[in-house]
Structure formats: structure tokens, C-alpha cells
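Whatever order the structure lists them in is the order used to number ligands and atoms, beginning at 1.
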Amino acid sequence: MSTSDVVIVGAGHAGAQVAAALRQRKFAGTITVVGDEPDLPYERPPLSKDYLSGEKSFDRILIRQAAFWSEREVGMALGHRVVRVQPDEHLVTTADGTEFRYGTLIWAAGGAPRRLTCDGHDLPGVHAIRTRADVDLLREELPQAARIVVIGGGYIGLEAAAVLSKMGKSVVLLEAQDRVLARVAGETLSRFYEAEHRAHGVDVRLNVAVAGLTERDGRVGGVRLVDGEVLPADLVISGIGIVPSVQPLIAAGAAGANGVDVDEHCCTTLPDIYAIGDCSAQVNRFAGGARVRVESVQNAADQATMVAKHLTGDTEPTAALPLFWSTQYDLRLQTVGLSTGHDQFVVRGDPATRSFSVVYLRQNRVIAVDSVNAMKDHVQGRTLVMQAAEVEPRRLADTEVQLKELVG
Ligand code: FAD
């Protein structure tokens, strides 16, 4: 058994960032990161972008090289999956029975891809995109695959479709709802991305439900829709969201319905246990005070910083501004704020020019800005969202007026 002042479960974005931030803030105690993947922490966004396309090597997506962690005396216990938390004993146990005693536990375990449950969901050739191992396996199979069906029109599905269609694959993208990105963006953005994908040759199908996957030669051979149509597929990618990885914490008594609940300092309801990143659900002023899980690198980094500050004596809570980006083809989308719950939106610029923004309002106040190839709006829109600025929609739509001029 090893004992550390801080044990971090999960060697992903949040886990890496909190370890680095603790050392940056001169935390002198012992730190051990326990992660179930075999690799040092790496960036996940390239997995559906330039790591999938082969433009970036694995070495280039490492968050830090090995020397960074050893110089800072951050222990990396990789290839260990924590399956049990015993808060009274301050102990976590891994699947192979290794025990780690902690002073403080930071749970940063992210989420696992939500799996399809239909017939054929476990056939070879059906892939998710969450880890390096997922993408390495997918890339191994790509040369033999001409026809690819992507299930799910969220960011990951769309990004994968963009990369694969650029590689010359025939791609069908299936979305159960009546528009892509329905969970995270307004209709203007959805329609814009649907048109872009179609223009790049992706067959985007909306309002479709998958009945099952069919087999050919021991692998996936097609996707059967509920209306009976079978789409031939040499490979299927499923991008239908994640399930937060919190089971051991919940089993230990932590509160949480969607992830694990944390307070403004990222403390769970269990003593000396924090939770950060994709797995944590926090009351968020940018979501109108609702408790939400935010799945983004920025959120993982911000919550990691909050915990490092709290553990080193800075107890002033901070409200992190939600930020996200997505790259598809030559389009750079940047979002600030959370648009869920908007009651009005304004389109700024003409989507036909492929450079525009959508500003979302709730009760006349700006709550989010999505910018496509419009960096200036993104940067200036941050202040409007931070201030929940009350601005006349007519002025937001006027591209002659810069957003910074509307800051109150
Ligand atoms: P993760 O980075 O997932 O790290 C959690 C780690 O914990 C994983 O290594 C996991 O295997 C491990 N783990 C889980 N359970 C256990 C356990 N019981 N014991 C030990 N280890 C465990 N965000 C953006 O902002 N912009 C983007 O463009 C973007 N693109 C993305 C593209 C893809 C393909 C994916 C998958 C995500 C993308 N995201 C993007 C989201 C972003 O990567 C996540 O929000 C971020 O990784 C969350 O960090 P995290 O540390 O909470 O979780």
C-alpha cells in the first residue's frame, strides 16, 4: 500500500492540471495520480481531429512530457482502475487489489462513452472515440473501410465525419433528433453545419432511429434503421455522449444523479474528497443557477485550478466562464457561455460567408455566443456573457458595431 497526501483518480485533463497547479502553488506534499489508461495524460480533443487524421503524433498530444512529472515529484500509477473508495479509511482500491491511502482524494475520472445497446452493438468494427486506444484501433481498420456510418450528430460525430470525408471515405451521419448539435447549440448553427457536411459529401440523415447493426464475415456489415432500410457499413462510429465515471464514489455514499455533486469549491459530500472535470456536477451561474456537468477542457482546467487554490489556502470561490471549441473542415467554432435555456437568439453576420456568430439571450440578457471563424466576436463576447449584459438585439445583429462597444 502507498500513502500520499493527495491521490488523484484519473490521469486526464483535470487530473493532470490539478497536479501541475498544486506544484505551481508550491504544494509540498506527496501527490500520486492513479489512472486506468497506460499513457501519461494527453489531450483528448485531437482524438476526433488531427490525431484521427494522422496529422499529429501521440507525442505531440501529451499534455506534458514524462520529465515534467518526475521533476515535480508527481507519481504516476498508470494502468490502475480504481474500483472502491472507503472514505472512513481514506483508502482507494484498484481492480488488481492495489491500495492507495490518501489525505485528500481528487476524483477526476471523466466519463466513458455511452454504448449502443441495439443488436450487433458489440460486433468488431463498432467504435467509440474517447481514448487513444479507441482511435489507434479505429485507425488500424480505416484502410480497409470505404463506407462508414457515424451514429450521433454531436461534436465528436461531426468532427469524425469531417476527418473521414476528407480522407475520401463515404460517410453517412445519423442523428435521432431533427437537427445536429441539438443539445448544445441553436438551430442556426445546426443548419449551418448540416449544410457544410452535405457540401463535403456527408450524407446527413435526421430523425432516424437505429434498430440494429448487421453482421458480415464476423464484423459489422451494416446499420439497420427502424424503417427497415439497411445502410452498408465497413465500420461504425458511435458518438452518443458519455456516462460519467463515478460509480465507486456513488457506491461510497457521495451525492449525485448525473455525475457527482460538488459545491463551489468542488468538494463532494464525502469528507476530503473533491471531484472535477467531466464527472462533476456543480451549480453554475452561467446555466442560470442550475446544477450542470460541463464537458470541456476549459472546465476541467478551471475546476482543477479551483481545487489547487482551495487546498493551498485560497478559499475565495471563482465562477469559471464556460468555453468550448470545435474544428470541422476549415471552420473554427468557438463558444462562450451556455446557450441551453435561451429564449431568443440573434445572428450576427451572414452564415453564407462562413464567418458569423450567434448570440443567445435569456430575458434580454446575453448568456452565450457561438462564433464560427469569427475570433473577434468570440473574444469580445466573453465580456458580454460574464456581465450577462442587457443589449438590444438590433445592436447585437449590427456588424458595424463591435461587441466590445456594447459592454455596459
Ligand atoms: P478525461 O480527460 O476523460 O480523463 C479522465 C481519465 O480518468 C481517463 O483517462 C479515464 O480513463 C480515467 N478513469 C476513469 N475511471 C477511472 C477509474 N475508476 N480509475 C482510474 N482512472 C479512471 N473539449 C473541448 O473543450 N474542446 C474540444 O474540441 C473537445 N473535443 C473532444 C473530442 C473528443 C474525441 C473527446 C473524447 C472529448 C473532447 N472534448 C473537447 C472534451 C474534453 O476532452 C473533456 O471535457 C476533458 O477531457 C475532460 O477532462 P477530464 O479530466 O474530466 O476527463
Min N/O separation R130 to ligand 1 under 3.5 Å: yes
How about F192 and F356: are their ring centroids closer than 6.0 Å? yes
If you look only at distance, which donor and acceptor atoms sit under 3.5 Å apart when one is on a side chain in residues 243-261 and the other is two or more places apart or in another chain?
residue, atom, partner, partner atom, Å
N258, OD1, R293, NE, 2.8

Under 4.0 Å from a heavy atom of A108: which atoms of ligand 1 are those, numbered in the order shown and with their elements? 5 (C), 6 (C), 7 (O)
Within ligand 1, which atoms have a heavy atom of I129 less than 4.0 Å away? 34 (C), 36 (C)
Would you say Q17 contacts ligand 1, with heavy atoms under 4.0 Å as the rule? no
Atoms of ligand 1 less than 4.0 Å from S296 heavy atoms? 23 (N), 25 (O), 45 (O)
Residue A300 vicinity, atoms of ligand 1 by number, heavy atom under 4.0 Å: 49 (O)
Using a heavy-atom cut-off of under 4.0 Å, does the side chain or the backbone of H80 touch ligand 1, or both, or neither? backbone
With heavy atoms only and a cut-off of under 4.0 Å, state how T327 meets ligand 1: side chain, backbone, both or neither. neither
Should D234 and R219 count as an ion pair when the cut-off is N to O under 4.0 Å? no
How far is atom 2 (O) of ligand 1 from the closest protein heavy atom, and which atom is that? R44 NE, 2.8 Å
Under 4.0 Å from a heavy atom of G277: which atoms of ligand 1 are those, numbered in the order shown and with their elements? 52 (O)
Are E175 and R179 ion-paired here, with the side-chain N under 4.0 Å from a carboxylate O? no
Contact (N/O only, under 3.5 Å) between H13 and ligand 1: yes
SB check R205 D203 (cutoff 4.0 Å): yes
Among all protein non-hydrogen atoms, which one is nearest to atom 21 (N) of ligand 1, and what is the separation to 0.1 Å? D36 N, 3.1 Å
Closer than 3.5 angstrom, by distance alone: can the side chain of H342 be matched with the main-chain N or O of S339 as a donor-acceptor pair? yes
Ligand 1 to V297 polar contact by distance, N or O atoms, under 3.5 Å: yes
Tell me whether R44 is salt-bridged to E37, with the criterion being a basic N under 4.0 Å from an acidic carboxylate O. yes
Relative to ligand 1, is W325 under 4.0 angstrom through side chain, backbone, both or neither, heavy atoms considered? both
With nothing but distance in play, are any N or O atoms of P45 less than 3.5 Å from an N or O of ligand 1? no
List the closest protein heavy-atom neighbour of atom 23 (N) of ligand 1: residue, atom name, distance to the nearest 0.1 Å. F324 CE1, 3.3 Å
What distance do R198 atom CZ and L173 atom CG have between them, rounded to the nearest 0.5 Å? 9.5 Å
Got a sec, which residues hit ring pair (Phe, Tyr, Trp, His ring centres under 6.0 Å) with Y274, two or more places apart in sequence or on another chain? H310
In Å, rounded to the nearest 0.5 Å, how long is the span from CG of L333 to OG of S371? 7.5 Å
Would you call E55-K49 a salt bridge at under 4.0 Å N-O? no
So for ligand 1, is W107 a polar contact partner (N or O within less than 3.5 Å, distance only)? no
Does S245, backbone or side chain, put an N or O under 3.5 Å from an N or O of ligand 1? no
So is there a nitrogen or oxygen of D278 less than 3.5 Å from a nitrogen or oxygen in ligand 1? yes
Where does E37 meet ligand 1, judged by heavy-atom distances below 4.0 Å: at the side chain, the backbone, both, or neither? side chain
Are R362 and D343 within salt-bridge range, i.e. N to O under 4.0 Å? no
Electrostatic pair R23-E73, nearest N-O below 4.0 angstrom: no
Quick one: nearest non-hydrogen protein atom to atom 18 (N) of ligand 1, plus distance? V82 O, 2.9 Å
